[in-house]
Amino acid sequence: MTSSDHAWMARALQLARQGLYSTHPNPRVGCVIVRGGQLLGEGWHVRAGEPHAEVHALRQAGERARGATAYVTLEPCSHHGRTPPCAEALVQAGVARVVAAMQDPNPLVAGRGLALLRSQGIEVASGVLEAEARELNAGFVKRMETGRPFLRAKLAMSLDGRTAMASGESQWITGPAARAEVQRLRARSSVVLTGADTVLMDGARLTVRAAELGLEPEQAELALRRPPLRVLIDGRQRVPLDAPFFQAGPALVVSASEARAADYREAGHELLVLATAEGRVDLPALLSALAERGANEVLLEAGPRLAGAFAAQGLIDEYQLFVAAKFLGSAARPLLDLPLERMNEAPELKIVDIRAVGDDWKIIAVPVS
């Protein structure tokens with residue numbers, strides 16, 4: 001691989017990121033067509049059911065694509081879905097070389113696209129900026145490889161690690177810039193997941209608010225056109241149907257009981273019953289069920305009890321912690337309800353990013369495997 005290969009793949013990844021808010025349940029993919037160091041065509045996958053990145057790039061390049069190199073951030077598909085196979089489109093266009101950032105983890109593709117290209121005499125390479133490509137589609141990769149989505153927990157806290165006053169009052173711990181960042185996290189997610197305590201105490205709707213996104217108009221339009229599925233974990237069905245959460249639109253309620261199923265259905269909502277032997281909501285089963293619905297990324301916005309339950313079962317892939325420069329005091333509520341008695345029980349995390357967001361700080365941490 002040459003420095004030129006890396007540079008063109010970096011451009012393809014930049015294009016792929018334009019689909020951050022709109023490609024669900026498909027991966028975010030970018031493609032550029034190059035010959036003799038000249039860019040001939042480029043494109044990115046906008047939304048499911050529409051042409052893939054390779055098709056957009058080939059349309060721009062036209063006949064000039066013959067003998068060129070195609071850089072694509074994910075192995076070109078070889079199967080017929082809602083759109084024709086991209087590998088066949090590259091063959092028909094007469095490209096001489098295809099460079100993929102990574103192999104597609106989808107079992108329907110999984111190397112078949114690259115094999116098809118090789119069988120037609122096209123030079124093939126993969127693994128260029130693979131780590132960056134996997135990170136961009138961490139949810140799609142995890143869903144394909146494990147049958148579960150990527151679970152990202154968003155938590156806002158004070159400098160002393162508290163999330164709300166003892167009374168439950170929590171608005172607002174962080175400032176406008178941090179809240180805009182959370183809106184973008186919601187917009188990129190397939191699912192926003194919360195619990196009954198959060199909905200009851202905060203009157204939470206968990207919607208994407210256009211005015212707070214802080215995106216360019218085109219990106220904002222794409223984000224708002226595909227709102228995330230709002231999911232409420234309410235094991236005992238405590239949240240009334242006239243709560244702001246339910247008034248904000250259709251939602252999925254996950255419970256340990258089938259009671260009120262008709263009430264939810266009549267109000268335009270869906271009930272999913274997933275109970276453990278102890279009568280609690282089965283959290284691993286919920287994540288698997290969301291993956292079956294095509295969820296790539298799930299954003300958990302919940303109080304200390306529910307967030308602690310997910311953490312205790314090792315289900316959280318990434319923590320996004322927003323830290324405000326204030327103290328809430330020792331009587332305030334903790335970040336996680338995670339009873340630990342010994343130091344060796346403490347889950348180990350790796351901080352992968354820390355930066356200022358307005359007057360607050362954002363820390364991204366991941367569990368150490």
Side-chain angles (χ1 to χ4, degrees), residues 149 151-157 162-173 179 182 185-186 189-209 227-290 293 295 298-313 315-316 319-320 328 332-339:
L151 181 61
R152 179 179 286 118
K154 177 244 112 183
L155 299 163
M157 67 180 186
R162 304 292 172 160
T163 61
M165 304 307 292
S167 65
E169 179 188 358
S170 63
Q171 295 180 327
W172 295 98
I173 294 176
R179 294 199 294 273
V182 173
L185 284 175
R186 289 180 187 175
S189 302
S190 306
V191 170
V192 177
L193 178 63
T194 192
D197 288 345
T198 298
V199 169
L200 290 169
M201 291 177 183
D202 296 343
R205 291 175 171 83
L206 280 299
T207 54
V208 176
R209 298 190 288 273
L229 172 66
R230 296 176 310 122
V231 177
L232 170 65
I233 296 179
D234 190 0
R236 291 177 287 160
Q237 301 178 356
R238 293 181 290 142
V239 179
L241 284 169
D242 61 358
F245 178 84
F246 287 123
Q247 299 304 306
L252 172 65
V253 180
V254 187
S255 178
S257 167
E258 293 185 3
R260 295 179 64 193
D263 294 338
Y264 289 125
R265 186 167 55 251
E266 185 177 342
H269 310 295
E270 181 184 355
L271 176 66
L272 176 64
V273 178
L274 294 170
T276 65
E278 296 78 23
R280 299 186 179 91
V281 170
D282 189 328
L283 301 182
L286 169 57
L287 293 178
S288 297
L290 293 175
R293 292 169 179 244
V298 174
L299 179 64
L300 175 64
E301 294 192 56
R305 278 204 307 168
L306 184 56
F310 273 101
Q313 295 185 53
L315 299 174
I316 298 176
Y319 294 87
Q320 295 230 357
L328 297 188
R333 300 186 178 193
L335 187 69
L336 297 173
D337 186 355
L338 192 63

Next on the checklist: Using side-chain contact (heavy atoms from CB on, under 4.5 Å), reason through Leu286 and Leu193 one step at a time and then give a plain yes or no.
Outcome noted: CA-CA 11 Å; Leu286 169 57; Leu193 178 63; 4.1 Å; yes
Checklist outcome for this item: Closest non-hydrogen atoms of Ala302 and Leu155, given as atom of the first, atom of the second and distance, are O-CD2, 4.2 Å
Item to check | Side chain Arg260, main chain Leu271, donor-acceptor under 3.5 Å | outcome: no
Next on the checklist: Whether the side chain of Arg152 engages the backbone of Gln320 through a donor-acceptor N/O pair (distance < 3.5 Å, no angle test) should be reported.
Outcome noted: no
Checklist entry - With respect to Val239, which candidate in Asp197, Thr194, Asp234 satisfies the side-chain contact (heavy atoms from CB on, under 4.5 Å) definition? => result Asp234
Checklist outcome for this item: Closest non-hydrogen atoms of Pro244 and Gly203, given as atom of the first, atom of the second and distance, are CB-O, 3.7 Å
Checklist entry - Are the side chain of Arg305 and the backbone of Asp337 linked by a donor-acceptor contact shorter than 3.5 Å? => result no
Next on the checklist: Would you say that Arg293 contacts Leu252 through its side chain, given a criterion of any heavy-atom pair below 4.5 Å between the two side chains?
Outcome noted: yes
Checklist outcome for this item: Minimal heavy-atom distance between Gly249 and Arg230, with the atoms involved, is O-NH2, 2.6 Å
Item to check | Considering all heavy atoms, the nearest Ala204-Phe245 contact | outcome: O-CB, 3.3 Å
Checklist entry - Heavy atoms, side chains only, cut-off 4.5 Å: are Thr207 and Pro227 in contact? => result no
Checklist entry - When rounded to the nearest 0.5 angstrom, what is the spacing between CZ in Arg265 and CD in Glu270? => result 10.0 Å
Checklist entry - Who are the side chain to side chain donor-acceptor pair (under 3.5 Å) partners of Arg236, not counting sequence neighbours? => result none
Item to check | Listed once per pair and sorted, the side chain to side chain donor-acceptor pair (under 3.5 Å) pairs that draw on residues 243-259, sequence neighbours left out | outcome: Gln237-Ser255
Checklist entry - Do Arg280 side-chain atoms and Gly235 backbone N/O form a donor-acceptor pair below 3.5 Å? => result no
Checklist entry - Passes side-chain contact (heavy atoms from CB on, under 4.5 Å), Val182 versus Glu301? Steps please. => result CA-CA 10 Å; Val182 173; Glu301 294 192 56; 3.8 Å; yes
Checklist entry - Would you say Ser189 and Val298 make side-chain contact, with heavy atoms under 4.5 Å? => result no
Item to check | Minimum heavy-atom distance Pro240-Leu200, with the two atoms named | outcome: CD-CD2, 3.9 Å
Item to check | Audit row: Leu283, Ile233, side-chain contact (heavy atoms from CB on, under 4.5 Å) steps and yes/no | outcome: CA-CA 9 Å; Leu283 301 182; Ile233 296 179; 3.8 Å; yes
Checklist entry - At what distance, to the nearest 0.5 angstrom, does CG of Leu287 lie from CG of Leu300? => result 9.0 Å
Next on the checklist: If the condition is side chain to side chain donor-acceptor pair (under 3.5 Å), which residues does Ser190 pass it with, not counting sequence neighbours?
Outcome noted: His24
Item to check | Test log, rule side-chain contact (heavy atoms from CB on, under 4.5 Å), inputs Arg186 and Lys154 | outcome: CA-CA 10 Å; Arg186 289 180 187 175; Lys154 177 244 112 183; 5.9 Å; no
Item to check | Heavy-atom check, side chain of Leu232 versus side chain of Phe246, under 4.5 Å | outcome: yes
Checklist entry - Taking atom CZ of Arg179 as the centre, does the number of heavy atoms from other residues, nucleotides or ligands within less than 6.0 Å exceed 12? => result yes
Next on the checklist: Donor-acceptor check, side chain of Thr198 to backbone of Gly303, threshold 3.5 angstrom: yes or no?
Outcome noted: yes
Checklist outcome for this item: Closest heavy-atom pair, Leu336 versus Ala307, reported as atoms and distance to 0.1 Å, is CD2-CB, 3.5 Å
